[in-house]
Amino acid sequence: MSKGRLEAFSDGVIAIIITIMVLELKVPHGADFAALRPLAPVFASYVLSFVMIGIYWNNHHHLFHAVERVTGSILWANLHLLFWLSQIPFVTGWVGENHFAPLPTAFYGGVCLMSGVGYYFLVQAILAHHGRESRVAKALGRDFKGKVSVLLYMVALPAAFANRAIAWAIYVLVAAIWFIPDRRIEGRAGH
């Protein structure tokens with residue numbers, strides 16, 4: 001099966017996710033900086049979520065550049081990832097509207113964790129089809145970044161209740177780890 005339809009569908013879903021997030025940003029009712037102050041938590045959560053979605057889109061693009069064809073299991077794994085990514089606008093809004101309260105912060109981390117797990121499942125489905133000696137397998141190596149990210153999210157979940165600042169620092173750290181596109185894939189995929 002061609003990978004083009006999967007890539008086009010994924011790009012469309014990710015574009016809709018970003019659109020939903022930006023539509024949640026409400027216009028202030030004043031024309032001064034004081035009117036913007038209540039929107040700061042909403043905007044801060046939006047920026048981090050936008051970066052996270054961008055990271056997934058970027059790495060998804062690079063990953064599928066190295067993929068030759070897709071199977072049903074790859075399609076389902078991709079849908080699993082997209083399901084969790086589609087929850088990001090909800091948790092982003094919840095966190096922002098409640099000024100980073102512990103429960104919304106934990107839910108935000110839970111969605112980030114499950115998105116990371118979804119990406120891991122997608123990679124595993126691709127590797128199962130293409131083999132451990134394929135171009136994509138060699139590019140991914142042991143996938144240290146993916147495994148560390150999931151572990152960090154697992155640490156952030158209880159931290160959300162103990163110290164929200166630690167949880168948010170972990171979320172930003174994971175984004176920073178992934179901010180630069182995955183050069184392992186980029187280098188082997190012929191970019």
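Only this structure's heavy atoms are used, side chains among them; waters, hydrogens and symmetry mates stay out. Since the structure is predicted, the reported quantities are computational estimates derived from the model, not experimental observations.
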- Task: Please round to the nearest 0.5 Å and tell me the distance separating atom CD1 of I74 and atom CG of L79.
- Result: 12.5 Å
- Query: Considering all heavy atoms of both residues, which atom of G116 and which atom of V150 are nearest to each other, and what is their separation?
  - Reply: C-CG2, 4.0 Å
Can you give me every donor-acceptor pair (side chain of residues 19-40, partner residue at least two apart or in another chain, under 3.5 Å) with its distance?
unit_1: T19; atom_1: OG1; unit_2: A15; atom_2: O; d: 2.8
unit_1: D32; atom_1: OD1; unit_2: A35; atom_2: N; d: 3.2

- Task: State which residues pass side-chain contact (heavy atoms from CB on, under 4.5 Å) with E97; sequence neighbours excluded, sorted by chain then number.
- Result: V42
- State, with a plain yes or no, whether a side-chain heavy atom of I55 is found less than 4.5 Å away from one of F50. no
- Does V67 offer a backbone N or O that forms a donor-acceptor pair with the side chain of K3 under 3.5 Å? yes
- Taken to the nearest 0.5 Å, the spacing of N59 CG from H61 NE2 works out to 10.5 Å
- Message: For S73, give me all partners under side-chain hydrogen bond (donor to acceptor under 3.5 Å, both in side chains), at least two apart in sequence or on another chain.
- Response: T71
- Query: For the residue pair A175 and M52, what are the closest heavy atoms and their distance?
  - Reply: CB-SD, 3.8 Å
- Min side-chain heavy-atom separation V70-I126 under 4.5 Å: no
Please table the atom pairs, donor to acceptor, closer than 3.5 Å between any side-chain atom in residues 105-114 and protein atoms at least two apart or in another chain.
unit_1: T105; atom_1: OG1; unit_2: F100; atom_2: O; d: 3.1
unit_1: T105; atom_1: OG1; unit_2: A101; atom_2: O; d: 2.8
unit_1: T105; atom_1: OG1; unit_2: W168; atom_2: NE1; d: 3.0
unit_1: Y108; atom_1: OH; unit_2: S49; atom_2: OG; d: 2.8

- Query: Where do A77 and A125 come nearest, in terms of heavy atoms and distance?
  - Reply: CB-CB, 4.0 Å
- Message: Please enumerate all residues that pass ring pair (Phe, Tyr, Trp, His ring centres under 6.0 Å) together with F83, with sequence neighbours excluded.
- Response: none
- Message: side-chain contact (heavy atoms from CB on, under 4.5 Å), that's the test. Do V155 and I166 meet it? Break it down for me.
- Response: CA-CA 10 Å; V155 169; I166 292 172; 6.0 Å; no
- Query: Nearest 0.5 Å, what's the OG1-CD1 distance between T92 and I53?
  - Reply: 7.5 Å
- Message: If I take atom CG from residue L48 and atom CZ from residue F43, how far apart are they, to the nearest 0.5 angstrom?
- Response: 12.0 Å
- Test item: F144 and I177 side chains (from C-beta on) under 4.5 Å apart, heavy atoms: no
- Message: Under a 3.5 Å distance rule, please check whether N58 uses its side chain to pair with a backbone N or O of G54 as donor and acceptor.
- Response: no
- Query: At their closest point, which heavy atom of Y119 faces which heavy atom of L81, and how far apart are they?
  - Reply: N-CD1, 3.8 Å
- Message: I'd like to know if L82 and I16 are part of one continuous hydrophobic network [Ile/Leu/Val/Met/Phe/Trp/Tyr, side-chain heavy atoms within less than 4.5 Å].
- Response: no
- Message: Applying side chain to side chain donor-acceptor pair (under 3.5 Å) as the test, list every pair that has at least one member in residues 6-16; sequence neighbours left out.
- Response: S10-N78, D11-W57
- Apply side-chain hydrogen bond (donor to acceptor under 3.5 Å, both in side chains) to S45 and list each qualifying residue two or more places apart in sequence or on a separate chain. none
- Query: Looking at residues at least two apart in the chain, or sitting in another chain, which of them share a ring pair (Phe, Tyr, Trp, His ring centres under 6.0 Å) with H130?
  - Reply: none
- Query: For the residue pair H99 and P41, what are the closest heavy atoms and their distance?
  - Reply: ND1-CG, 3.0 Å
- Approximate separation, where rounding is to 0.5 Å, of L85 CG and I14 CD1: 6.0 Å
- Message: Under the side chain to side chain donor-acceptor pair (under 3.5 Å) definition, can you give me all pairs with a residue in residues 148-161, not counting sequence neighbours?
- Response: S149-W178
- Message: Let me check something: do F9 and L6 share a hydrophobic cluster, defined by ILVMFWY side-chain heavy atoms less than 4.5 Å apart, either directly or through other members?
- Response: yes
- Task: Decide whether F121 and L151 are clustered together by the hydrophobic rule: side chain heavy atoms of Ile, Leu, Val, Met, Phe, Trp, Tyr closer than 4.5 Å, transitively.
- Result: no
